[in-house]
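Each chain gets a letter, A, B and so on, in the order its sequence line appears, and its residues count up from 1. Basis for what follows: all heavy atoms, side chains included, without hydrogens, waters or symmetry-related copies.
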Amino acid sequence: MVMIETKAERMVINMGPHHPSMHGVLRLIVTLDGENVVDCEPVLGYLHRSMEKIAENRTIIQYLPYVTRWDYLATMFTEAITVNAPEKLANVPVPRRASYIRMIMLELSRIASHLLWLGTFVADIGAQTPFFYVFREREMIYDLFEAATGMRMMHNYFRIGGVAADLPYGWVDKCEDFCHYFLPMVDEYERLVTNNPIFRRRVEGLGTIGREEAINWGLSGPMLRGSGIKWDLRKVDHYELYDELDWDVQWDTGGDCLARYFVRVREMRESTKMVLQCLKQMPGGSYENLEAQRMQAGPKSEWNSMDYQFISKKPSPTFKVPSGEHYVRVEAPKGELGVYLIGEDNVFPWRWKIRPPGFINLQVLPQLVRGMKIADIMAILGSVDIIMGEVDR
Amino acid sequence: MLKFLSKVGAYAKDAVQAAKYIGQGMGVTFDHMRRRPITVQYPYEKLIPSERFRGRIHFEFDKCISCEVCVRVCPINLPVVDYKFNSEYKKKELKSYSIDFGVCIFCGNCVEYCPTNALSMTEEYDLSTYDRHELNFDSVALGRLPTKVTEDPLVTPIRELAYLPKGAMEGHQVDHRQRRAGQRPEELMAESKEGTEA
Ligand code: SF4
Ligand code: SF4
């Protein structure tokens, strides 16, 4: 009897590294059984620029312009960690005003990163329009960044002991304007995406990862919070002055792509609220107000005290990293961004190990896509939110 | 039969739900009919770079004391400071200075740390050339100033968000000469004085 062979051979195909919906240059070797994914192996290293080795022969000041090239969508965070590490090692104080400026910048950067994530994520699923909508708001954040730092993406704004310069005139007003403008815009995205039946069918129950597993894989950020764990380093580590703000950790229990979507959208709203609070509570208020108070009170005024400075002391080009070692981390939009720093009382750090959130979160991808359809790979990869710049460094 | 009917009912409900939510999304889409485009038509309209914008570097030859601090703080030791020690005056004499903008990343470290403010950053950002060696600027080229967007008759200047008046969200809708957000410190002082006197 003649049998019709229904079981096809397994096929190994190669996705990327220059796939349009690959986030950067990631290559996936996918083993397929028909349309089902049997296995998937990510191949990294196409964007490797030896960032860690470069750090070993640069002073911190020289190295600062490099770091925005790790995660080029959440640039403020890479700068924050680069100054936090030597700051904590050398016990450099940060004025309160500087800390508030930093928090504003960090939260704006988080919004920008989540916005772009939203755009690419739904574009991966097949909805192109929101991509252009999110760029509209992201552009505004970058306008604000450009006014304060001089560049849209490669800011070079954070310094050891504070920030490079105070906010320009009118910046606080415009930032407030932006926050009030932005919240209805998030509603707009949600109206566009959240309940869209096509979107729901594509992401609901897709790429589920449980609570235990998420911890065991070492995930962080929205990946972890989407799996029902209330873990946010801003609350856990109490860095900067996040304790003075009134905010909640955003989390969800679904563990699937949809949960991660919810976590990120809610985080955008929460960050906007935090920015508004920061703008109100900032010591000295807007820069024009601070100036006015200083002019009025003369050179000996309290407005010249440490709290109201944007930097404690300008770091000298020969700032020495003291001997000692430690690990510093911040909650970046993609997860825990850390630096393990070993200094030996030299201008150059002896070792500068970066713990990028994308790299650690990416390792769970093969497990998530196993057994799924090939079209789901893009949706799951999109929901993991990786940036190859920081995965490869 | 009942089972079948309830199935049909559920299906119909699903379809209605789907139609509703898609309609909601379409509402957002059609809402854009009454909004103005926000894109900047580049060669005809240009954004005014911010005051702190870090564009091509401007260099003043006479101010430079050849201290080479700019070289030391640059991530790639880029500026080339060519000087000779004049033993008669016991001073360094600058012979030439150059920065290759094909390599520079416009981080602004050199500008920030130059002790004599010989370096500054201009608002020039369109540096494209056919040959990358043309981007290696010597001290003469570094001393040139770019044309301002606001003074170019062929270009409509548009301001960025941070420089618009309070409440305005879009650069197309406001004249670029209109006053930007934020009061001057002097005005704030005058206001608070009035407050205390009254
Ligand atoms: S830091 Fe300034 S003064 Fe010193 S060499 Fe460079 S440009 Fe000249
Ligand atoms: S802007 Fe940065 S990269 Fe360019 S010359 Fe100055 S320090 Fe070097």
Counting heavy-atom pairs under 4.5 Å with chain B, the top scorer among A:Cys175, A:Ser316, A:Gly150 is A:Gly150
CD1 of A:Ile198: more than 12 outside heavy atoms within 6.0 angstrom?
no
Item to complete: Answer yes or no: are there more than 12 heavy-atom neighbours, outside A:Arg49 itself, under 6.0 Å from its atom CZ?
Response: yes
Shortest non-hydrogen pair, A:Lys174 vs B:Leu161, comes out as CE-O, 3.1 Å
Item to complete: For atom OH of B:Tyr42, decide whether the heavy atoms of other residues, nucleotides or ligands shown that lie under 6.0 angstrom number more than 12.
Response: yes
If one checks every heavy atom of A:Tyr63 against chain B at 4.5 Å, the contacting part turns out to be neither
Okay, A:Arg152 and chain B: the region with an atom under 4.5 Å from a heavy atom over there is side chain
Rounded to the nearest 0.5 angstrom, the CG-OH distance for A:Leu144 and B:Tyr163 is 10.0 Å
In terms of heavy-atom pairs under 4.5 Å with chain A, the winner among B:Gly55, B:Ala18, B:Gly108, B:Gly27 is B:Ala18
So, A:Asp143 side chain and B:Glu160 main chain: donor-acceptor pair closer than 3.5 Å or not?
no
From the list B:Gln17, B:Arg35, B:Glu51, B:Met121, the residue making the most non-hydrogen contacts under 4.5 Å with chain A is B:Arg35
Applying a strict 4.5 Å limit to non-hydrogen atoms, the region of A:Phe199 in contact with chain B is neither
Applying a strict 4.5 Å limit to non-hydrogen atoms, the region of A:Tyr133 in contact with chain B is side chain
Exercise. Is the count of non-hydrogen atoms from other residues, nucleotides or ligands lying under 6.0 Å from B:Lys92 atom NZ greater than 12?
Worked result: yes
Given A:Thr149, A:Asn195, A:Val172, A:Ile54, the one with more heavy-atom pairs under 4.5 angstrom with chain B than any other is A:Asn195
*Within a reach of under 6.0 Å around NZ of B:Lys166, are more than 12 heavy atoms found that belong to other residues, nucleotides or ligands?*
yes
From the list B:Arg72, B:His32, B:Gln24, the residue making the most non-hydrogen contacts under 4.5 Å with chain A is B:His32
Okay, A:Glu190 and chain B: the region with an atom under 4.5 Å from a heavy atom over there is neither
Check your understanding: So does A:Glu146 pair up with B:Arg54, basic N to acidic O under 4.0 Å?
Key -> no
Ranking A:Arg200, A:Arg58, A:Met151 by heavy-atom pairs under 4.5 Å to chain B gives rank one to A:Met151
field: Student check: side-chain heavy atoms of B:Asn109 and A:Pro65 closer than 4.5 Å
entry: yes
Looking only at A:Met154, A:Glu188, A:Glu176, A:His180, most heavy-atom pairs under 4.5 Å shared with chain B are made by A:Glu188
Minimal heavy-atom distance between A:Arg201 and B:Asp14, with the atoms involved, is NH2-OD2, 3.9 Å
Okay, A:Ile141 and chain B: the region with an atom under 4.5 Å from a heavy atom over there is neither
When the 4.5 angstrom heavy-atom criterion is applied to B:Pro49 and chain A, the contacting part is both
When every non-hydrogen atom of A:Gln62 is compared with those of B:Val71, the smallest separation belongs to NE2-O, 4.5 Å
Honestly, the part of A:His155 sitting under 4.5 Å from a heavy atom of chain B is backbone
Of all heavy-atom pairs linking A:Ile61 and B:Tyr113, the shortest is CD1-OH, 3.0 Å
_Does atom NZ (A:Lys53) have a neighbourhood of more than 12 heavy atoms from anything else shown, all under 6.0 Å?_
no
Of the listed B:Met169, B:Glu170, B:Met26, B:Arg180, the one with the largest count of heavy-atom pairs under 4.5 Å with chain A is B:Met169
Whatever's closer than 4.5 Å to a heavy atom in chain A on B:Thr29 counts as both
Quiz item: Less than 4.5 Å apart, any side-chain heavy atom of A:Arg69 and any of B:Ile105?
Solution: yes
Margin query: Just checking B:Phe85: does its CZ atom have more than 12 heavy atoms from other residues, nucleotides or ligands closer to it than 6.0 angstrom?
Written below: yes
When every non-hydrogen atom of B:Ile76 is compared with those of A:Tyr66, the smallest separation belongs to CG2-OH, 3.6 Å
Nearest heavy-atom contact between A:Ala165 and B:Arg52 is CB-NH1, 3.7 Å
A:Met140 side chain near B:Ile38 side chain, heavy-atom distance below 4.5 Å
no
Test side-chain contact (heavy atoms from CB on, under 4.5 Å), reference B:Val28, set A:Asp187, A:Val193, A:Thr129, A:Leu192, output is A:Leu192
